[in-house]
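Heads up, the thing below is written out as structure tokens.
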Amino acid sequence: MGLWDKLKGELIDIIEWTDDSRDTIVWRFPRYDNEIKMGAKLIVRESQTAVFVNEGTIADVFPPGTYTLTTQNMPVLSTLKGWKYGFESPWKAEVYFVNTRQFPGQKWGTQNPVIVRDPEFGAVRLRAFGSFTLRVSDPAALLREMVGTDPQFRTEEVREYLRQLVVGHLGSALAKAQVPMLDLASKQLEIGNTLAAVISDELASSGIAIPKFIIENISVPPEVEEALDKRSSIGVVGDLDKYTKFQTANAIEDAANNPGGSGEGFGFGLGMAAAQQAGAALNRPTSSGPPPLPTKQWFIGVNGQQQGPFDAAGLSGQARSGALTRDTLVWAEGMAGWTAAGQVPELASVFGAVPPPLPPQ
């Protein structure tokens, strides 16, 4: 083996990445001390992007395809290396493969409740959890902002950061949605799409996008759930009076079917108590009748002062005491203005029961 053959074996001929994991976002090609041969093959598969980095500077970016590396298809790297005249010698550069496929099933959840103001229940503490889909939108920006020199950048390294970002925007999204707490389940998809757009905009400078955001559940504290269950139960029962009678009838039937001995006596006593409750429930007056008719209210003017209101009985008392005479001004709703009592036909009965003044002695 000649010297050239030995050196040729130290050169890299094929640069590629076959991903056997499900969570690797960025993978650095293991060049070590080997040099890349000018004319080597670069294979970039679908859902991949290859990024060449020269001495810490991002150079050329290659989309999916097969390339023969020459100075012609590496303009940025050729400029950085100073290959002005197409000098084709072995060279060293770092090659990063970026996985641009979607990474679904990234879980998120609120460690602490988010407090929102509900129009019906006031301030409510809400918890939520779900998942989102992660995708690289700008490989070069991702390398600059988040990966650095990490040889294998995985989803777990960015998951916690994204979870905190999601929770930080969740309260604002729920507040802006202006959806009552009881209607949140029907709006989860809409709120999730809004959050996906907001978070993607914030992550755009880091080269990451959130194409899909899923809210699986929004829950309230256990004590609020218990109160809602009771409220729902009342709504299902409907008329509480009829429900009480129904429960009483069932208690009487169960007591009658309880055989023998002390159980029979207990059943009899229970039946008597239930019967008394049933009788009281059946004889209890209901509020199905119409309410009492409203009475007309009158005001009177005495010595320049307004007094009242008085109903018809009250006016009669005022007439008997002499405070109300036929010349006294009165007013009630519907009248155009204050009028002498003797000119109001409705008050004729009030003065009919009052004797006229005694003649002079």
For a quick test of reading the model, state the closest non-hydrogen atom pair linking [X] to [Y] and the distance between them.
X	Y	answer
Ile199	His169	CG1-CD2, 4.4 Å
Val51	Val98	CG2-CG2, 4.3 Å
Thr149	Arg28	O-NH1, 3.2 Å
Thr325	Ala341	O-CB, 3.5 Å
Val136	Leu142	CG2-CD2, 3.7 Å
Thr68	Asn73	O-ND2, 2.6 Å

State the [atom1]-[atom2] distance between [X] and [Y], to the nearest 0.5 angstrom.
X	Y	atom1	atom2	result
Gln343	Asp327	CD	CG	9.0 Å
Arg163	Thr110	CZ	OG1	8.5 Å
Leu329	Leu324	CG	CG	10.5 Å
Met74	Thr79	CE	OG1	11.0 Å
Gln72	Tyr67	CD	OH	15.5 Å
Leu134	Lys212	CG	NZ	15.5 Å

Plane angle bin for Phe299 and Trp331 - parallel if under 30°, tilted between 30 and 60°, otherwise perpendicular: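 It falls in the tilted class, 30° to 60°.
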Whether Phe213 and Phe132 hold their rings parallel, tilted or perpendicular, with breakpoints at 30° and 60°: parallel
pair [X]-[Y]: side-chain heavy atoms closer than 4.5 Å:
X	Y	value
Leu184	Ile215	no
Pro75	Asp60	yes
Thr328	Gln318	no
Trp91	Asn54	no
Val158	Phe153	yes
Leu315	Ile300	yes

State plainly whether one hydrophobic cluster holds both [X] and [Y], where clusters connect Ile, Leu, Val, Met, Phe, Trp and Tyr through side-chain heavy atoms under 4.5 angstrom apart.
X	Y	value
Leu170	Phe129	no
Tyr161	Leu143	yes
Ile43	Trp17	no
Ile191	Leu165	yes
Ile58	Met146	yes

Step-by-step side-chain contact (heavy atoms from CB on, under 4.5 Å) determination, Ile15 to Phe97: CA-CA 10 Å; Ile15 304 173; Phe97 284 90; 3.9 Å; yes
Exceeds 12 heavy-atom contacts within 6.0 angstrom, atom CZ of Arg101: yes
Greater than 12 external heavy atoms within 6.0 Å of Gln305's CD: no
Has [X] got a side-chain atom pairing as donor or acceptor with [Y]'s backbone, closer than 3.5 angstrom?
X	Y	result
Thr71	Ser78	no
Thr339	Gly337	yes
Arg154	Ile25	no

Lys/Arg N to Asp/Glu carboxylate O, Arg159 vs Glu156, below 4.0 Å: no
Arg45 and Glu16 ion-paired at < 4.0 Å: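 Yes, Arg45 and Glu16 are salt-bridged.
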Residue pair Gln106, Leu162: steps toward the side-chain contact (heavy atoms from CB on, under 4.5 Å) verdict: CA-CA 9 Å; Gln106 308 301 314; Leu162 294 179; over 6 Å; no
Pair listing, salt bridge (Lys or Arg N to Asp or Glu O under 4.0 Å) test, anchored in residues 189-202, at least two apart: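 Found Lys187-Glu190.
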Side chain to side chain donor-acceptor pair (under 3.5 Å) partners for Lys107, two or more places apart: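 Per chain and number, Lys107 pairs via side chain to side chain donor-acceptor pair (under 3.5 Å) with no residue.
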Residues Tyr96, Val53; criterion side-chain contact (heavy atoms from CB on, under 4.5 Å); working and verdict: CA-CA 8 Å; Tyr96 289 86; Val53 178; 3.8 Å; yes
For Phe52, the option from Leu69, Val61, Leu80 that meets side-chain contact (heavy atoms from CB on, under 4.5 Å):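 Result for side-chain contact (heavy atoms from CB on, under 4.5 Å) with Phe52: Leu69.
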